[in-house]
Visitor: 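Below you will find the structure I want to go over with you.
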Amino acid sequence: MAPTAYYIALSGLLFAIGMIGVLTRRTAIMIFLSVELMLNAANLALVAFARAWGDLTAQTAVFIVMTLAAAEVAIGLAIIVAIFRKRETTNVDDLATLKG
Amino acid sequence: MLTVPEVHLAPMLPILIVLAGALASTVLGFFLPRRALTVINLVLLALSGVSMGTLWNSGAAAFGGALQADNAAVLLGLTILLGSAMTLLVSLDTAFRARVSFPEFDAMLMYAVTGTLLIAFSGDLITLLIGLEIMSLSSYVLATLQDSRPAEEAGLKYFLLGAVGSAILIYGIALVYGATGSLNYVGIAERAAGLSPQNLTILVGGALLLLAGFGFKVALAPFHQWTPDVYSGAPTSVSLFLSTVVKVAAFAGMLRVFGGALQNAPGWAPVLQILIAVTLIVGNAASLFQTNFKRMLAYSAVAHTGFLALALLGTPGLGGAAMAYYLLVYTLMTAAAFAIVAALQRSEKGMEISDLRGLYFRHPGYAVALAVCLASLAGLPPFAGFFGKYLVFQAALQGGYVWLSVLAALASVAALVYYLRPAMLMFMPDRTPAREYAYGERPATTFTVALGVIGVTVLGILPNLWYGWVANPAIWGTLAGR
Amino acid sequence: MPLYLLPLFPLIGFALLILFPRLFPGRSAGWLGSFTVLASFVVAVLRYLGQTETPAHEVLWTWLPNMALNANLAVGFYLDQLSALMALIITGVGFLIHVYSISYMGHDPKFVRFFAFMNFFVGMMLILVLADSYPLMFVGWEGVGTASYLLIGFWFSGRNSEAPDRKLREASDREGVANSNAARKAFIMNRIGDLGFMLGMFLLYKLYGTLSIPELAGRVAGAQVAQAGIELACLFLLVGAVGKSGQLPLTTWLPDAMAGPTPVSALIHAATMVTAGVYLIARSHFLYDLAPNASMWVAWVGALTALYGALSALNQHDIKKILAYSTVSQLGYMFLAVGLHAYSAGVFHLLTHAFFKALLFLSAGAVIHALHEEQDVRAMGGMRKFMPFTHLAALMGVLAIAGIPIWSGFFSKDAILAAAFTADPILYVVGLGVALLTAFYMGRWYFLVWRGEYRGHVAHPHEADGLMQVPLGILAALATLGGFLNVPSFLGGNHAFDTYLGRAIPLHPHEISASTEWLLTVLAVVAGVGGLLWAWAEHRRRRLADGPLGQVSSNALYLDRVYGSLFGIPSRAIAEGLDVVDRSVDGTLGGIARNSVAPGGLFTRWQSGFVRAYAVSMLLGTALIIGYWALKTIGGGGW
Amino acid sequence: MIAFIVLGALALVGAVITVAARNAVHAALGLVGTLLSVAGLFASLSAAFLAATQVIVYAGAIMVLFLFVIMLLNANQPISGRDPVPFVRELAGIGGVLLAGAFAVLAFTYRDPRPLAEGAAALQGGNAAPVGEVLLTRFLLPFEAVSILLLVAIVGAIALVQRPAAQPDGLTDAEGAALPTSPDLQPERGRA
Amino acid sequence: MIHLMIFLPLLGSLLLLATPKRWREEVAGFFAALTLGLGLLIWRGGGAELFSVNWVPALGITYSVALTGVSLALALVTALMSFIAVLYAARRVSNPGTMLSLVLAMETGLLGIFAARDLVLFYVFFEDALLPALLMLAIYGKPNRMRALVKFAAYTLFGSLLMLLSIIGVRYYGGSPTFALVDLVQHPVRGVTQTWLYLGFLAAMAVKLPLWPLHAWLPDFHEQNHDSGVPDVMGTLYKVGGYGLFQFGLPLFPDASLELRPVLMSLAAFTALYAAWIAFQQTDWKRLIAYAGLSHMGFVALGVFSLNETATIGAMYLLAFQNVYTGALFLAVGMLQERVGSVHTRVGGVMTQAGALGGMTLTLWLASIAVPGLAGFIGEFSVLLGAYQVQPWLAFVAGLSSIAAAAYALTAFQTTFWQGRPLGAVRVWDLQHTEWLVLGLPLAVALFFGVYSAPALNLIQPAVRGVLAGLGGS
């Protein structure tokens, strides 16, 4: 089997990519997708560690994190939709009136 | 065979009561007017407070330590309840003007409170995480609830950045787990002691990620940038809630994690001190140049985050006590200030600082109250803000962070300047017509303001009333639980 | 009779007059003022008569911390022959001048205030001379300074500032500005001297640990202190004396001080206050005896000032200015004397000078009065016809100051010249030359005012009234006969004055053969007579109006302008500069107050409103934190 | 090992597509790819139950929801025009590299606390039964609490999308006329 | 009794808000007079000994107060001047309720400062006095007061926060159980730490002295304050830096104060000269008096820093009584402004019509430029004499300012009160009613203590001896 370190490195890579996505994508949905990517990286790390410790709690934790993600998606998409209804845009750069 | 752990009702009673309030608002919202629900919720908050009081010194725990109702939890929980109650009171008067006077508002608020209590009572990282998420999600909704462009923009910003923040937090949890193989504070604290250097590296990495994640929740620079926008975009009563309750809860979580679980883990303190320094500079310097009072308060909230976080650098005994004292005082004065803004603002954008000119001659009561709050925020005796500052300085000094304390001192000079300008403007007579909402003074708000002002003054003259409770170092020695 | 009564009476008078001016209608204020001074005079006389060998020392109450030997310095009065003499002069001459003023100031709207100030002055002057410690003497010192300030500026808004007529009003305003400036100048220049006085006290305290004069006198003998210290202390005291007595280089205020009413000039700026410097040095004789160099400085300052005063007096046209410069010059004589440790001679000249200079000023005042405030000698002349009595008195004064035998000036000046001769021929020559010049300019003054034909504008100048004549008469008598108090031995006298004063101040009798004495005397007389003759000759040739040295003399050797450009202008410039600096020192704070400084703009630009920008800082922050940690791990650095 | 390499590569490719694809739908599909391969990795980490959940909940439910919203808001066209945030790509690149590098460093300092074989064995393949047992014993509280979270999600989503009407608070001015809401709030739109 | 004296004014100011308009003057005057009376009683009783109770036990903060020696003298002066300020405010300010209550509130803060024998308590009162001062400036100030406000507050807080740090440090590094002075002295901090802590403490005191270069708030504060000059009186009383240094600085940081003596003394001497010289350029009476006061404070600092007994006594004496005549001068300027409608120093000829006003102002001025026979002289002379024993040259530099003082004082006086009144200028009426008292009382005090200093010396001298003995200083 592959050592844990590999998995962690992989997850770290995924996390970094997700971050790049957050920064470079310009529509709310895409940014949100990238966040999902980061969450998955976290999950992957957790599961890998779970194996390393031979401990099921981490896997359970992952299960819960997935639920969190789902809930977040629900709220997030709701917000996005609500905004879209009023402005017909998902470009986050259009929402920059609050500043300074 | 499956053995369900012991489930004591007592430790979770406070949370359950609040939850009941949330559910009630959700369900009864179809039958009862919103104001009735608010009253019910206020009562429930009070009840929850009482039940919390019964937990004092009981050291009760449930779910195998996943939920611990130790004194720390009680003290922080009471602070949270106070802030929530003040929010509800203010919302009684201002929710309609802000167009958020419907049951869902209360429901979301109560859910958020549930989450915050969960954080304060949490015994392991997962509970903490869930608490944080409940709190955050409901806060996203609260910030967006108002049907206005600023609110929506605020909500979206809050949500996107918040999601990223939680992702970082979760990754941190993963690393910490990887290093210690445990998710509850006690286990982490125990294993953090004897670790091979490699996994210590991972542990510190996780700790730093947790720091970043929490840094977002409490608005430490450079994770603070959502704060001004969200506070100024959201309805003022919501800003009140976010700047008091949510921040208190986030700090409660930080106290649990860094004061408890990771207390003797190395590495995070030096980073935290850098973050604090940046926060102090950014927060104070930026608020010097605000022209909108509401937004200035938002920035000052950032600045205060810096002061509060100073307490984390002290020894848990002193630091925890300082933090607990400061949090209560901070809640009182910030809530009162926001309450006055909410009451007197013409538009949801809050009032410009220049609008405050001559307020003393139109609304003497509120003007004096606001002046007191600002003086307390600036840390002038005899108001409690002074002792808050004093305590965190003391904690930081005894932690050996002299340069940071000096920086904090200088920063609060700048703070004085920007608090002083509005405070003094209120007392300068002017000829121009009033630019604030004429019918703002109403019983509930007045009560809230009075509560804040009296509290700040009394705690300033007799700090022991509160500090006597929180001073005992034993409370903060066992943040991780036994 | 306790000593404190001496200053107390005039001060009571001052208090009454200044607090309840309305209680004293008409001339009653003048009488009250004169009476209080008379009362002090009586006390002084009684104390003088009851005087014993041992000086009287009466301590009142504790005053300054730690300034006596291991104790707090007390307020106390000290009466020895010197102070007794001074007290007599002050109260006696003072009383005469008070009486004179009743008539002279009779028509002034601020009659009451005038006498209040005069009383205040007398009181302060008495404190000065009776003080048992330098700080207390300093009280009187600055007190008389203040009094002189108030009295020089007595007409601070001009003499008819309420006049409805614009012309008069403007003239009066100009006069007011001039008077005020003169007063201020006097005070400030005195302050310069006072600083020296204070430093002297500080140093004395450092050396001997006390400022009480008797204690000092007691310790000076025994204490072992560096010679330089004593010399320096004496020089500091000299600075003080110079300031008060209008000696070089602080002399320019004294001529300006003539802006005050004439009795003031007579009392303060001729007879008493300006001699305080001489008194100070005589009082500190026990120090100067130990400080030869400092004493030499004193002598030279005196000699040069005498010369300076005489030269400046040559071509003045203000009847009082001439007398003022002559005062400067005569004070120089006194300094010369005390500088040569001939204290008795100096004090004796002080005495005679008090008589004849007061006399001259008062008679000048009478003339001014008669000519309705006309002060230019070119617009006078032939006054002899209009006011014979005053003329006679004035003549006595002129003869006295010119040093004509049997008149008082002759004896006192002679003693000084003798002392100078023994000490240093150059000083003697200077002194002799000054004597000549003195005789000349006084002669000029006399001929221009009293002889020749009348050039005035007033139709019929009237003779002074009785109230003014009585003091004139008494003073004339004193100026004439005062000299016989101290007839030198070679003239068959017994140095009565010297022996009296000798009880307080040890004498340094100079050994000169009687023949030399005679020679010196003759020379002095020749100088005096020669000067007068020279003036008379000029008078015959009608060329007296503008005396020798022309502008140089009438501008007092341009000393004022030099000071102005040397100190006045620069200090103003510096003040201006400092002010500018001080206002701009806190520009940044002001900027913050006005909410407009750069750094804040930085943060607001960072807060650009784009959520992704916020994400950038968040995630970069995270990356940096973790990166820092990773690097530290690679570096294997500890945590 | 092979499994790891293959799946890891796939995951990375998917991730890159997610981040880089101009068309939103492609990006979403790329994410699906990543999620699936992560599920595979779960399996290879002896977390069978999680793998299944990953496929069903994530790749299934959540991504469908995403796609649905993308279509609804037809947000699939990429946004053109210059980026208002300066240097964002460069900064993102630097930050990403830094982050990835740092994580790699941290990862390779990790030493397994116990032999992997043991650990894997102790997991009992991570089947539903053991996981469920943990969930109902040691994670009882989180398990319950998550339900609150979901409730919040539901109520919040509804409240956001269907903004209810504001209820007057009976505040009146001097004349007793009801006071309006803040002027800068635009009047409520008729709801769908 | 002492507690009553401290908090009576505060009580009064709170009561004042409740009393009907027409009674406010009387009530305020009553409370101010009562406080003064209490002070005199305490004086007659030989001062109030140390009284100490725990305030915040958990933090070792105590409520320790005492009114003896120097602090009693200063407290008495404070009470007196507050009373006079109340008198004048009641007469001059229309509807003075707010100002009166602020004055009283500030009086409590000031009395507390002088009475406090616990560092934190001292700090608390120190800041409490700030608020009323700010409010007075804000409510009654001149158009561009905001700048003055910000400067005033910022300078003050800059100092006091550093002081707060060193307060904490003093207890922490010294390991004293409480912040009470007695305990702190028992547990001294040594070495370089002490120096650093002293610098922190000094920051606050230097601002409040004020000492160059931390003085910039002073002129603006006075210039922008209300014309009546009542707030200026309180502001003058608020210059407590010298007292703080004496009461707390010297006992707590003996080595440091000995070590820094030359530097600090030169700063002080420079301040004295610098201020006097600038004052010469001022054409605004309030700025002028402000700089004059600054110059006096230079003398005070010189005395305290010199650690010489005579000089320290003089410094305290000067500190106490400059409040009297400087404050009275501000009020005199207020009267001048009321009459000619300006505080410019080129009005001219006022004394031709208002003799008493001019005379009193002149006498106060003379007191302020230390003409002997008035209270100013004793202090200044002792300071200079003492300082000369330590640093002759610095004493000389400071002494130079006495010349400059004569220059600025007499110039301003002359161009305002002397010389001709401009044709057609408003007619100036002379002192009336309470104004006589308002100027006369301080004048009498200044005169009395200039001639007969024993009562004050008996308070000050033993206290100074005690402190310096503990210091073992020269």
Side-chain angles (χ1 to χ4, degrees), chain B residues 153 156-161 164-165 167-168 171-172 175 197-198 200-202 204-205 207-209 211-213 215-216 220-229 265-272 274-275 278 281-291 295 299 353 413-414 417-418 420-421, chain C residues 65 571-639:
Chain B
E153 178 181 341
L156 185 68
K157 284 177 173 174
Y158 193 12
F159 167 72
L160 284 178
L161 298 175
V164 176
I168 297 173
Y171 205 91
L175 288 189
Q198 291 79 12
L200 196 52
T201 314
I202 295 282
V204 172
L208 293 182
L209 284 180
L211 192 57
F216 171 84
L220 274 172
F223 312 102
H224 70 288
Q225 288 189 289
W226 60 274
T227 323
D229 290 8
W268 56 269
V271 176
L272 178 58
I274 302 296
L275 294 187
V278 179
I281 295 170
V282 172
N284 288 300
S287 28
L288 268 177
F289 303 96
Q290 298 309 317
T291 54
R295 197 169 175 81
Y299 268 114
I353 289 181
V413 175
V417 172
Y418 60 74
L420 190 69
R421 236 187 291 122
Chain C
S571 66
R572 271 186 188 70
I574 293 175
E576 210 158 328
L578 287 182
D579 191 35
V580 172
V581 172
D582 203 62
R583 283 173 191 271
S584 62
V585 71
D586 44 24
T588 47
L589 254 177
I592 289 175
R594 286 190 304 283
N595 189 353
S596 62
V597 176
L602 194 78
F603 297 116
T604 45
R605 206 176 305 114
W606 184 17
Q607 195 76 15
S608 61
F610 295 106
V611 63
R612 286 167 54 236
Y614 302 171
V616 170
S617 37
M618 256 181 84
L619 289 168
L620 271 186
T622 321
L624 285 176
I625 292 174
I626 292 296
Y628 143 86
W629 180 244
L631 289 179
K632 221 172 161 193
T633 324
I634 295 169
W639 22 76

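So that the names make sense, note that chain A is the first sequence line, chain B the second, and so on, each numbered from 1.
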Visitor: By a 4.5 Å heavy-atom criterion (distance strictly below it), what part of B:Y418 contacts chain C: side chain, backbone, both, or neither?
Guide: neither
Visitor: Would you say C:M618 and B:Q225 make side-chain contact, with heavy atoms under 4.5 Å?
Guide: no
Visitor: For C:A613, which atoms come within 4.5 Å of any heavy atom of chain B: side chain, backbone, both, or neither?
Guide: backbone
Visitor: Which atom names give the shortest non-hydrogen contact between B:T201 and C:W629, and what distance separates them?
Guide: O-NE1, 3.1 Å
Visitor: Side chain, backbone, both or neither: which part of B:L161 has a heavy atom under 4.5 Å from chain C?
Guide: both
Visitor: Looking at every non-hydrogen atom in both residues, tell me the closest pair between B:P270 and C:Y628 and how far apart they are.
Guide: CB-OH, 4.4 Å
Visitor: Does the side chain of B:V282 reach to within under 4.5 Å of the side chain of C:W606, using non-hydrogen atoms?
Guide: yes
Visitor: Is there a side-chain contact between B:D229 and C:Q607 (heavy atoms, below 4.5 Å)?
Guide: yes
Visitor: Most heavy-atom pairs under 4.5 angstrom with chain C, which of B:A269, B:P222, B:A212?
Guide: B:P222
Visitor: Please classify the contact between C:L620 and chain B as side chain, backbone, both or neither, with a heavy-atom cut-off of under 4.5 Å.
Guide: neither
Visitor: Would you compute the distance between atom CD1 of C:I626 and atom CG of B:L208 and round it to the nearest 0.5 angstrom?
Guide: 5.0 Å
Visitor: Contact between B:L211 and C:I625 at the side-chain level, heavy atoms closer than 4.5 Å - yes or no?
Guide: no
